[in-house]
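Below you'll find the structure, written out as structure tokens, and then a few comments.
Note: hydrogens, waters and symmetry copies are ignored here, and every other heavy atom, side chains too, is used. Computed from a predicted model, the values in this text were never measured in an experiment.
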Amino acid sequence: MSRFSERLYRSVKEIWAKSHDHPFLTELRDGTLDTVRFIYYLKQDYVYLIDYAKVFAMGSLKARDLETISKFAELLHSTLNVEMELHRQYAARFGIARDELEQTFPSPTTVAYTKYLLDTAAQGALSDVVAVLLPCMWSYREIGVAYMKIPGALDHPLYREWILMYSSEEFGALTDWCIALMDRLAEGLPERELAQLEERFMVASKLEYMFWDMAYRLEAWPV
């Protein structure tokens with residue numbers, strides 16, 4: 001019998017492929033992405049990660065064994081002190097202080113994405129928490145690993161650290177742990193609940209695509 005994570009991956013393969021082919025990412029890979037778009041992304045992703053970290057905290061709250069509680073705490077620490085630190089370092093290159101990052105007003109897409117994550121985490125079981133947080137980790141790892149293999153992708157002085165971060169063994173190990181946890185939590189669940197988890201995973205994946213698109217368009221509130 002195939003693992004549930006394989007079913008999840010199949011369900012979003014086309015969505016992820018469109019994300020990987022989005023101009024924001026292809027231009028980042030090629031080193032041609034306009035820095036205005038990248039700065040916009042940094043700011044929006046920073047406020048996104050604040051709420052994303054809260055989802056890991058919810059994972060610790062809903063977990064029942066010490067190992068899982070500890071691992072979610074590690075993911076929380078990694079997000080706040082490794083991933084977000086990379087954003088702070090990037091921002092400093094453009095003269096953007098930490099306070100300015102934290103005071104970024106979230107775009108409509110950022111609000112929609114973080115609200116979906118937090119609402120699902122608050123109302124659902126641990127399996128629901130993992131289903132909505134996993135697309136971000138898993139797709140970023142897939143992008144990072146793919147870009148590492150492309151000649152010249154690490155040549156850009158600004159974007160190489162981004163690729164190195166998400167292709168790193170440390171980030172990959174945390175992602176693999178979450179995938180394995182998703183498989184364990186899915187074991188023995190009725191099809192109705194599995195279908196709901198698949199839907200949550202798919203919606204989060206669609207919101208990931210929308211996030212890239214939002215950054216490329218420099219999305220703003222209409223009024």
- [ ] On the 0 to 90° scale, with breaks at 30° and 60°, tag the F72-F56 ring pair as parallel, tilted or perpendicular.
- [x] tilted

Open item on the list: Ignoring hydrogens, what is the shortest heavy-atom contact between G31 and H156? Give both atom names and the distance.
Closed with: O-CD2, 3.1 Å

Open item on the list: Going by side-chain hydrogen bond (donor to acceptor under 3.5 Å, both in side chains), W162 matches just one of Y147, Y41, Y90. Which one?
Closed with: Y41

TODO: Measure from the ring center of F171 to the ring center of Y140 and say whether it is less than 6.0 Å.
DONE: no

- [ ] Measure the CG-CG distance between L197 and L185 for me, rounded to the nearest 0.5 Å.
- [x] 8.5 Å

Task: Same apolar cluster: L118 and F105, side chain cutoff 4.5 Å - done: no

Task: Nearest non-hydrogen partners of M182 and S127, listed with the distance - done: CE-O, 3.6 Å

Task: Spacing of CZ belonging to R98 relative to CD belonging to Q103, to within rounding of 0.5 Å - done: 12.0 Å

TODO: For residues I179 and R141, determine if any side-chain heavy atom of one lies less than 4.5 Å from a side-chain heavy atom of the other.
DONE: yes

- [ ] Find out whether F4 and F201 are in side-chain contact, i.e. whether some heavy atom of one side chain is under 4.5 Å from a heavy atom of the other.
- [x] no

TODO: Go through the steps to decide whether W221 and V111 satisfy the test side-chain contact (heavy atoms from CB on, under 4.5 Å), and finish with yes or no.
DONE: CA-CA 11 Å; W221 289 90; V111 170; 4.0 Å; yes

TODO: Take L174 and K71, measure what side-chain contact (heavy atoms from CB on, under 4.5 Å) needs, and give me the verdict at the end.
DONE: CA-CA 8 Å; L174 291 172; K71 188 59 96 171; 4.3 Å; yes

Open item on the list: So M165 and V82, do their side chains get closer than 4.5 Å, heavy atoms only?
Closed with: yes

- [ ] Sequence neighbours left out, what pairs pass side-chain hydrogen bond (donor to acceptor under 3.5 Å, both in side chains) with at least one residue falling in residues 58-67?
- [x] D65-T68

Open item on the list: Quick one, F94 and T35 - any side-chain contact, counting heavy atoms below 4.5 Å?
Closed with: yes

Task: Backbone of L75 reached by a side-chain donor or acceptor of S78 within 3.5 Å - done: no

Task: V129 and T120, any side-chain heavy atoms less than 4.5 Å apart - done: no

Open item on the list: Just by distance, no angles: are the side chains of Y113 and E208 close enough, under 3.5 Å, to form a donor-acceptor pair?
Closed with: yes

Open item on the list: Can you tell me if E169 has over 12 outside heavy atoms packed within less than 6.0 Å of its CD?
Closed with: no

Task: Of all pairs that satisfy salt bridge (Lys or Arg N to Asp or Glu O under 4.0 Å), the ones with a partner from residues 25-40, not counting sequence neighbours - done: none

Open item on the list: Within the 4.5 Å heavy-atom criterion, are K43 and I96 side-chain neighbours or not?
Closed with: yes

- [ ] Could you tell me whether a side-chain N or O of Y40 sits under 3.5 Å from a main-chain N or O of R217, the two making a donor and an acceptor?
- [x] no

Task: Side chain to side chain, I143 and W212, heavy atoms closer than 4.5 Å - done: yes

TODO: Measure across A91 and L42 and return the closest heavy-atom pair with its distance rounded to 0.1 Å.
DONE: N-CD1, 4.1 Å

Task: Considering all heavy atoms, the nearest T79-A53 contact - done: CG2-CB, 4.2 Å

Task: Shared hydrophobic cluster for L134 and Y52 (ILVMFWY, side-chain gaps under 4.5 Å) - done: yes

Task: Sidechain-backbone polar pair: H22 side chain, K18 backbone, donor-acceptor under 3.5 Å - done: no

TODO: Measure the spacing between CG of L154 and OG of S167 and express it to the nearest 0.5 Å.
DONE: 7.0 Å

Task: Co-membership, hydrophobic cluster, residues M137 and V130, 4.5 Å side-chain - done: yes

TODO: Locate the shortest heavy-atom distance separating S205 from I15; write the atom from each residue and the value.
DONE: O-CG2, 3.7 Å

Open item on the list: Has Y46 got a side-chain atom pairing as donor or acceptor with R88's backbone, closer than 3.5 angstrom?
Closed with: no

TODO: Hey, could you give me the CG/CD distance between L8 and E198, rounded to the nearest 0.5 Å?
DONE: 6.5 Å

Task: Verify same cluster id: L181, M58 (apolar side-chain graph, 4.5 Å) - done: no

Open item on the list: Quick check: do E199 and M202 have side-chain heavy atoms less than 4.5 Å from each other?
Closed with: no

Open item on the list: Could you measure the distance from the NE2 atom of H87 to the CG atom of L49? Nearest 0.5 Å is fine.
Closed with: 5.0 Å

- [ ] Please answer: with hydrophobic residues joined when any side-chain heavy atoms are less than 4.5 Å apart, are L61 and V55 in the same cluster?
- [x] no

Open item on the list: Students often mix this up, so state it plainly: with edges at 30° and 60°, are the rings of F211 and Y48 parallel, tilted or perpendicular?
Closed with: tilted

TODO: Find the distance between CD (E170) and OG1 (T175) and round it off to the nearest 0.5 Å.
DONE: 11.5 Å

Task: Check: Y9/E142 side-chain N/O donor and acceptor closer than 3.5 Å - done: yes

- [ ] Kindly give the heavy-atom pair with the smallest separation between L28 and Y159, and that separation in Å.
- [x] O-CD1, 3.6 Å

Task: Audit row: V145, K149, side-chain contact (heavy atoms from CB on, under 4.5 Å) steps and yes/no - done: CA-CA 7 Å; V145 170; K149 300 174 182 177; 4.0 Å; yes

Task: Residues R184, E187: salt bridge by 4.0 Å N-O rule - done: no

- [ ] With sequence neighbours left out, write down each residue that passes salt bridge (Lys or Arg N to Asp or Glu O under 4.0 Å) with R93, or none if nothing qualifies.
- [x] E161

Open item on the list: Apply side-chain contact (heavy atoms from CB on, under 4.5 Å) to residues T114 and K54 and explain how you reach the verdict.
Closed with: CA-CA 10 Å; T114 56; K54 295 176 184 178; over 6 Å; no

